Amino acid sequence: MNTLEILFYALSAFAIVSAIMVLVSKNPIHSVLWLILVFFAISGHYIILNAQFLAIVNIIVYAGAIMVLFLFVIMLMNVQSDKEPQKKLLIKFIGVLSGGSLLILLIALVKQTAQLEGKQVLMKEGTIGLIHPLGKALFNDYVLPFEISSVLFLSAMVGAVIIGKK
Amino acid sequence: MPIQYYIFFCLTLFSIGVIGVLTRRNAIIVFMCIELMLNAVNLLLVAFSKMHNGAALQIAPGSTAGIDAQIFVFFIMVVAAAEVSVGLAIIVMMFRNTHSVDINFLNRLKN
Amino acid sequence: MNAIIVSTLLGVIMMFVSWGTSNTKLQRNIGLVGMLVLILANIAQMNGWLSVNFDTKGMLAFNAIGLYVNTILFTITFIYLWINGEEIDKIGNHTADYYAIFFFILCGISILTSFDNLLMLFIGIEILSIPLYILTGADKKNLFSNEASLKYFLMGSFSTGILLLGIAFIYGATGSFHLNMPILNPATNLPVEHFLMSAGLLLLFVSMNFKVSAAPFHFWTPDVYDGAPTVFTSFMATVVKAAGFVAFIKVFEVQRIALGQNTWIIILPFVIVSTLLVGNITAVFQRSVKRMLAYSSIAQAGFMLFALYGNSTFNNEALILYIVAYSLATIGVFAVLIKMKDYSIESFNGLAKQNPALAFLTTLFLFSLAGIPLTAGFFAKYYMLNAIFTAGAGIWLLVVAILFAAVSVYYYFKVVQAMYFVEGAPAIHPIEKSYARKLWVIAIILLVLGVFPSLLFNYLYF
Amino acid sequence: MKVIIGLIVLWPLVGFLFNGLGRNIWSKKTIAYKATGYVLASFILSIIAFLNMQSQGAITVHYFDFINTDTLKIPFDFKVDALSSLFLLVITGVGTLIHLYSTAYMKDEEAPHYARYFAYLNLFIFSMLLLVLGDNYVIMFIGWEGVGLCSYLLIGYWFTNTTYNYAAKKAFIMNRIGDLGFLLAIFWLIVKLGSVSYGTVLTAESLAKLSTTDITAITLLLFVGAMGKSAQIPLYTWLPDAMAGPTPVSALIHAATMVTAGIYMITRSNILFSASEFTQHVVAIIGISTALLAATIAIKQNDIKKVLAYSTVSQLGYMFLGLGVGAYSGAVFHVITHAFFKALLFLGAGSVIHAMHHEQDIRKMGGLKSKLPVTHITFLIGCIAIAGVPPFSGFFSKDEILAAAFAKSPIYWALGVVGAAMTAFYMFRLYATTFLGKFRGTDEQAQHLHESPFAMTLPLILLALASAIAGAIGIPELMGGHHWLSHQLTPIVGVTKEAALSHSTEWALMGASVSIAVIALLIAVNRYKRQADGEPQTALGKFLYNKWYVDELYNNAIVQPLNKFAGFLKETIEKNIIDGAVNGTGKVVQYSARKIRLIQNGQVGYYILFIVLGIILLFLFWFNDITINRFFNNLIK
Amino acid sequence: MLLLSILTIPFIAAIVLLFVKHNEKANYIAIGSSVVIMALAFNIAFNGAANFDADWILSLNARFILTADGLAKILILLTAISFPVIFITTSKNELRNRNQFLALMLFTQTGLLGVFLAGDALLFYFFWELALIPVYFLCSIWGGEKRIAITFKFFIYTFLGSLFMLIGIILVYTNTTDHSFLITSFKHANLTHGQQLAAFALFFTAFAIKMPIFPLHTWQPDAYEQSPTAVTMVLSAVMVKMGLYGIIRWLLPLFPAAAASHANFVIVLSLIGVIYASFIAIRQDDVKRLIAYSSIAHIGLMSAALFTNTSIGMQGVLIQLFSHGINVLGLWIVADIIEQQTGTRSMKALGGLAKKQPTLAILLVGFALANIALPLTNAFVGEFLIFNAIFQFNPWMGAFAGVSVVLAAIYTLNMVQKIAYGSVSDATNLMQVPNKSAQFVLMVLLGIVFVTGVYPQVLFNITADTLQQLFVK
């Protein structure tokens, strides 16, 4: 077992535990914090996959901007952990059960996929995750979606104006 | 690292997200779980990207095959950001009117 | 391409208009003129003019049907805005902003009718969806609107997650986001069996079903349509849904063979039948016409899903006709509904006596929805059934379809009965003459198409 | 000739239209003259046709095609031959007399109803003429149903009386049951032979084309038709009830003409009937049973018309016996003589009723001999004739039938003689109770007793004359006659086989039957000349008095169950099961609508749960692709 | 052009009527236009008319083609006679918005005429529905107490039936060699045996509901009872003929094999219906329901005869289509006059009509006799041939069907007895002299009854060519 593998398992375990903690934390703020940890773990994965650009963006956008926004909102609302009503146990059980079966289904499926047998993920190597090739691709092949995504932001902006204005 | 491991891991994260959506009542937490799902997909895409890239590199050194997935991830993040802004605006609006973010509370519209 | 560019520009212009003037009438008229420009721009591209020669790098591909659908949807939107302009003003005071949002949505629609890459599909859907969350919640003081908006948002995001997982799987299998032909086995000329690909497609199928509100992924529809401001429901249920179908078809036109034809003819009928069942049966017992229409739109979606069954010009023709018939009729019914003070069926009691013209129009629209001959709705259904039968569907499927069509007659006619056969004094907002006149336009289109449906296809072939 | 034969039929139709349409316009006198006149005209033309037939032989005239399609041709043709011309004479002759009689009998009616009465009567003559003149079974059927209709209309002539309406309806429906048999026989003929014309059907070639089963079935079905019309067991109960109509109607329709249509039909089809031994036996057995059954009932009846009605049924039974044993000309002979004396008796009864102010119960009569001399004498002649006392007409005709019956089987003969004795008994019981002894009615009736006017007595006298001497047309060779009738009918029924019996046997039979009849006659006169029957005491008496309880039997065994069945269909099957299924579908939809909408419970969590479950379901479908596929493929194919 | 004009005249008249508020004028327009149509119909029936053919829906290759053969002619004649008769006899009935009523009636007429003339399956379906929808409104607006629910049931029932037919049309259309809806192409469609059976079942369901055949008949008595009488007349005199027409025009020629193999089934079903309906009719107290069940019985006979596949049965049905229409029209008119004047349809409450209104009673009896197919009335000829055909097909079935002859006599005479005879009841006492025009019309109808009964060749001549087409190959 080399370092990469150890790192992979460690990050994965960490991510999964944190993700579960997101679910089980009573306090929303704790949830947010756990989620940020998940994001960090995922960024770690990006790094070992040598997708450094995404690792950075993930931290900045998700862990930084988005989660802060969440935190901000939660604080704004001043939602207390004890105030949050819990779902019934049965419902929770059913939720876990169906989520679990979805997982099992998908895993079973992947396991049966012959084409994936022996396929390796290139770790630590390869340059496509670096900012240079990404930038080139983005502004050559993907300039159209890039431009069009601005429409998305425009509409989100208008939306925020409409919804947010008193 | 075999691709299956990444897939399993991502699916696990995804499913945890799904379970979160199914079991929590706080709209914000639910939303966070959805973000978790998106992130799982992101990682999966990157893993696939590296898989295809690795395969391509063995044939043609310097290939950028697989880069589109990373760009896709980038776009997902972009979209997620936009979505979050709108989503949180809606949640806040809701909170302003009802002083609650409990989704079970949202059942005036039914049947 | 013209449509995407022009609609974006118009959206931006409308944003500025909202700062420049607070005269809603002016804003409205600018919006309408903008719509006309948009339609003209699209028609121009259909005829090969003014097209920006832009290399989309395989992101978009324009074809005659896509552009034609654009034209149709834009025209329907124009009619919608033309009729409902004043009603839109009444929701908050963001007229110009709404128009901007409409234009952005139309941009999304233009993408969905021409995408050639799953990335564009994703972006298109999001451009379509995010504004809709906003429109749903536009009536900020109204708890129903809030609730609908939040529900829509949460479920929409969830389905985005599913969509993305599907796309990721497909990418994992093929290494590309293009809407390529699936990999064929040269020996058998059948697609190579690839579970990841199939799973991805299935997930994509689920999320597209969600967008077009097919059962069992339809749950958002009644609540959202019911809670959203009525004018916007009218738009969501028609133009937006139609665009969803076009995208749906585009994805699965070719790709479905990767799922295996056998799987396709199991899961699609399953979805269709359950959609018809849920939509029609549940609509029967609704007291509120608005909610009934929401369920009926699910039912209609079930019928439109038939367009996916086969893979020929029949299907496209059928879908186009269905979109036009269904959208116009729905817009018409909603336009009447908006004028009612109360949405319950009882509030329609005696409308025929009080306002015969309006009652007649409503009847006509409902007839079209129910698929009664002499209205476009009939031929829409006819073409659809013809298409799936040509595509090899079993007769049982057609029989199921018509059984539910008969059920749909039941609930649509409840409104007709209330209007004509029950005494009562309907509470109704004052209606100007011009408003009714606008509705007559819809009625005439429906009637003309009800007798000469092929007028709609002449462009495609002649 | 074509025109004359056409006019025979048309005159009564003209009379019907004239009186029917002009019922509010014309005076009673006009109505009476016209109605009688048209029938008289027919009578005269009939004589011409008859004479023509005598000189030129039988003729068939074609008018138009009633039905002419590529597979079936039914021409509207009339045929005047020996058989139909005889019937023509009887129908129009007796018809004229009864019209005449009616002009007086019905004089109390208001003009419109008077007109209606004569219109019906004319229509009846019209239909009857169609029946006998038609050259094929369909035309016969037209007349057949037509007379049924007229009978219905005339029985229910006093339509405000509900009982009469029921009687009328009963008559029509019973007739219809018979008609159904007739109709089926016609279909059978069409299927097998492609034609219904006598010229085609009643030939040896056609007979050769038919199997024995065919012939038996056809003849039996025809006989069912005859049963209805000629009131044979089991379809006879309508005839006594039909006495609800005005008495002349009973005389014309329910005694002299319509009820003999069955005999006409079977005689017409004699080739077919002769070809089926089985049917012949059936006809004979039914005939003799009816004759005896009706005779026993007649013995205990107290309504003057009812007695005559059962007597008619009984006599018809005789005729069928004759038909069954192959004595076609004898049957026709009896038809003719019966037409005279039964019409006479009915008209006589009518005269009595007229005098008694519509009292029909013979127990309240008696001693009318002196008050109604003409009626009395003529009635007596009628009674003697029907009792079969020589040399009155009834003797000859009845004797011919009995002789033929003996030739077939002595049992038939013996039963026939018993019947004849009963006939003599009840007829003279009737006669004695009515005309002899003391008057038992009210004083008021006694004061008003009077002889009927000339318009009524004239027909009586003429018919009495006919009853007395009509036997002349069929005096057997045994007695030195040459049996004119039998010769007349030879082209139709073939040579009557009389050779089977020796002369001495015949004389012996004749002597036996006459003496038994006379004894019965004397007993009856003796017993009833002083008093009428009281209430029946013995079980047998009650049984007979109540007509063997046949009406009750029919009511309980057939009518009520069918009625209940209809009610069951209406209330249970229709309402609950068939309509219930339709409405049930609607209810199921509504019920499921109420339930299914509850799934939409308004909670996002559930909605998403359903999405997840939906995904799982779709994946499972996909996994089971192969298995499910097989199922669906089977479903589609 | 004659054919096109017979379709357009009622349509235009209907549209004009929508704008004529004045009752009298509306009556005049309706009667006038329907008389013109009648004149045209007579012309078509006796002189024939050229086909009309034009493009309609290019992308489907559907044509607007109108043809009039014997079958069409006789039904057009019936339709064209019925409407003026109905308009005249009901012209005095009280109706609100009379002009709308008349307009809808004329729309119905357009639909009916179209159904009988259409030579293209899609066009046929189109008119089929066009005839139904106005009736829905007519019944629901102007009908009796329970009109809404009953009419709705009727509408959905028949609508569902016609949807089945639509599937059938699609099925056959897809398998035509030239992708056309023309009846000739339909006849030459390449259907497998299974497809033929399916198409047969689909078409048959539609027609069976429309006729209606047992056990799909339950909409009918209710609908007849609740509809305004003018509409009931249309329904029972003309509209039920659509189903029979469909069988003759479409079902039998298109799917001969399936029809032959299912003949037993259909005939048995029809005959059960005949006897069943007759029995129920015996127990009816409501005049309208009685006539309705009687109509079910008569239609059942016709449908049974059609499936015997005999020329004689077909001929019988062809003229019975017309005769039954006339007879039932007469019965309804009398029933309507009685209901309008006495306010009741219950036979228990009636009685003594013959004393109070002898003329009307005579007319009633006349039509009643036609209803029981007495010889020399028009129905006799038709039913004679029909029974003959059934008998030919199977003697036992013929005998079973024959029972209806007796049952018909029972219920019809029951009706006559209860309405016309007996002493004058309180309800009947309200009767006044019916209006002259109605009486005149009834007499004309009765005249038709007897003229065509004595000399049916008039009708045979009209239908001769259809028979030729169907049976001379």
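Lettering of chains follows the sequences in order, A, B, ..., and the numbering in each one begins at 1. Everything numeric in this text was worked out from a predicted model, so none of it was measured.
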Which residues in residues 125-162 of chain E have any heavy atom closer than 4.5 Å to a heavy atom of chain C? E/Tyr125, E/Phe126, E/Glu129, E/Leu130, E/Ile133, E/Tyr136, E/Phe137, E/Ser140, E/Ile141, E/Arg147, E/Ile148, E/Phe152, E/Phe155, E/Ile156, E/Phe159, E/Leu160

Taking all non-hydrogen atoms of both residues, which atom of E/Val115 and which atom of E/Met242 are closest, and how far apart? CG2-CE, 3.9 Å

What residue in C/Tyr420, C/Phe413, C/Phe452 has the most heavy-atom pairs under 4.5 Å with chain E? C/Phe413

Please classify the contact of C/Leu455 with chain E as side chain, backbone, both or neither, using a heavy-atom distance under 4.5 Å. neither

Which word best sums up how the rings of E/Phe186 and E/Phe181 line up, parallel for under 30°, tilted for 30 to 60°, or perpendicular for over 60°? tilted

Comparing E/Leu122, E/Asn97, E/Leu163 against chain C, the one with the most heavy-atom pairs below 4.5 Å turns out to be E/Leu163

Picking from C/Val399, C/Thr363, C/Val407, which has the most non-hydrogen pairs under 4.5 angstrom with chain E? C/Val399

Surrounding CZ of C/Phe360 (heavy atoms of other residues, nucleotides or ligands, distance under 6.0 Å), is the total greater than 12? no

Among residues 197-206 of chain E, those lying within the under-4.5 Å heavy-atom range of chain C are E/Ala198, E/Leu202

Testing the 3.5 Å rule here: is there a donor-acceptor pair between the side chains of C/Asn280 and C/Tyr411? yes

Does C/Lys381 make a cation-pi contact with C/Phe303 (under 6.0 Å, within 45 degrees of the axis)? yes

Side-chain contact, heavy-atom cut-off 4.5 Å: C/Pro269 with C/Trp396? yes

Over all atoms of both residues, closest heavy-atom pair of C/Phe245 and C/Ala301: CZ-O, 3.4 Å

Say whether E/Ser59 and C/Tyr383, considering side chains only, have a donor N or O and an acceptor N or O under 3.5 Å apart. yes

Any luck finding a side-chain donor-acceptor pair between E/Ser185 and E/Thr176 under 3.5 Å? no

Comparing E/Leu60, E/Ile169, E/Asn175, E/Leu166 against chain C, the one with the most heavy-atom pairs below 4.5 Å turns out to be E/Leu60

Between C/Gly310 and C/Asn315, what is the shortest heavy-atom contact and its length? N-ND2, 3.1 Å

Determine the interplanar angle of the E/Tyr224 and E/Trp219 rings, folded into 0 to 90°, and report it as parallel if under 30°, tilted if 30 to 60°, perpendicular if over 60°. perpendicular

Please state whether the side chain, the backbone, both or neither of C/Phe379 comes within less than 4.5 Å of a heavy atom of chain E. side chain

Any idea which heavy atoms bring C/Pro426 and C/Asn349 closest together, and the distance? CD-O, 3.2 Å

